[in-house]
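The structure appears below as structure tokens.
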Amino acid sequence: MDTLNELPSAALSGVARVLVHGGRLTAKAAEELTLQAKDRKVSFVEALISSNTMTPGVLAHSLAHALSVPLLDLDAIDAQKSLAAF
């Protein structure tokens with residue numbers, strides 16, 4: 001089960017579907033993580049990160065790319081220099 005077509009349409013959350021469609025996660029892994037999340041009563045994202053399947057950075061980059069939105073890395077910004085400019 002490696003494609004979205006093999007899963008019921010409501011089986012995966014939006015994030016899971018985006019990751020499968022983008023090739024970052026197999027449909028089977030997404031389904032297993034979805035079941036784990038439901039059993040543990042946590043979000044899909046929490047199950048994904050806590051399982052070490054994907055790092056938060058990779059998830060952020062994957063979603064930003066898939067949704068065509070810019071990714072702002074707050075760790076790359078020097079707040080002191082930014083505030084000094086004002």
Side-chain angles (χ1 to χ4, degrees):
M1 185 177 338
D2 287 336
T3 67
L4 289 175
N5 295 335
E6 297 172 10
L7 291 174
S9 61
L12 299 179
S13 70
V15 172
R17 292 177 79 65
V18 166
L19 294 173
V20 171
H21 183 69
R24 290 290 191 172
L25 200 59
T26 66
K28 182 177 181 173
E31 182 180 32
E32 289 171 1
L33 286 165
T34 299
L35 293 173
Q36 288 175 20
K38 189 174 184 178
D39 288 344
R40 293 176 39 213
K41 295 182 171 83
V42 298
S43 69
F44 173 81
V45 171
E46 186 174 337
L48 177 72
I49 300 301
S50 68
S51 71
N52 293 319
T53 302
M54 190 173 293
T55 66
V58 170
L59 175 61
H61 283 279
S62 298
L63 293 176
H65 177 75
L67 300 172
S68 299
V69 296
L71 179 64
L72 177 61
D73 182 0
L74 295 177
D75 291 331
I77 296 172
D78 185 343
Q80 294 303 319
K81 284 184 181 179
S82 296
L83 291 174
F86 291 102

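These figures come from a predicted structure and were not determined experimentally.
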field: Side chain to side chain, L33 and Q36, heavy atoms closer than 4.5 Å
entry: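 Yes, close enough: below the 4.5 Å cut-off.
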
- prompt: With side chains defined as the heavy atoms from C-beta onward, is the minimum distance between L12 and L19 less than 4.5 Å?
  reply: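 Of all side-chain heavy-atom pairs linking L19 with L12, none is under 4.5 Å.
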
Check residues 41-52 and write down every donor-acceptor pair under 3.5 Å in which the side-chain atom is one partner and the other belongs to a residue at least two apart or another chain.
unit_1 : atom_1 : unit_2 : atom_2 : d
S43    : OG     : E46    : N      : 3.0
S50    : OG     : R40    : NH1    : 3.2
S50    : OG     : R40    : NH2    : 3.4
S50    : OG     : E46    : O      : 2.9
S50    : OG     : A47    : O      : 3.4
S51    : OG     : A47    : O      : 3.1
S51    : OG     : L48    : O      : 2.8
S51    : OG     : T53    : N      : 3.3
S51    : OG     : T53    : OG1    : 2.5

Partner of D75 under side-chain contact (heavy atoms from CB on, under 4.5 Å), chosen from D73, D78, I77: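 Exactly one option meets the side-chain contact (heavy atoms from CB on, under 4.5 Å) with D75, and it is D73.
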
Identify all side-chain donor-acceptor contacts of residues 55-64 below 3.5 Å with residues at least two apart in sequence or on another chain.
unit_1 : atom_1 : unit_2 : atom_2 : d
T55    : OG1    : V58    : N      : 3.1
S62    : OG     : R24    : NE     : 3.2
S62    : OG     : V58    : O      : 2.8

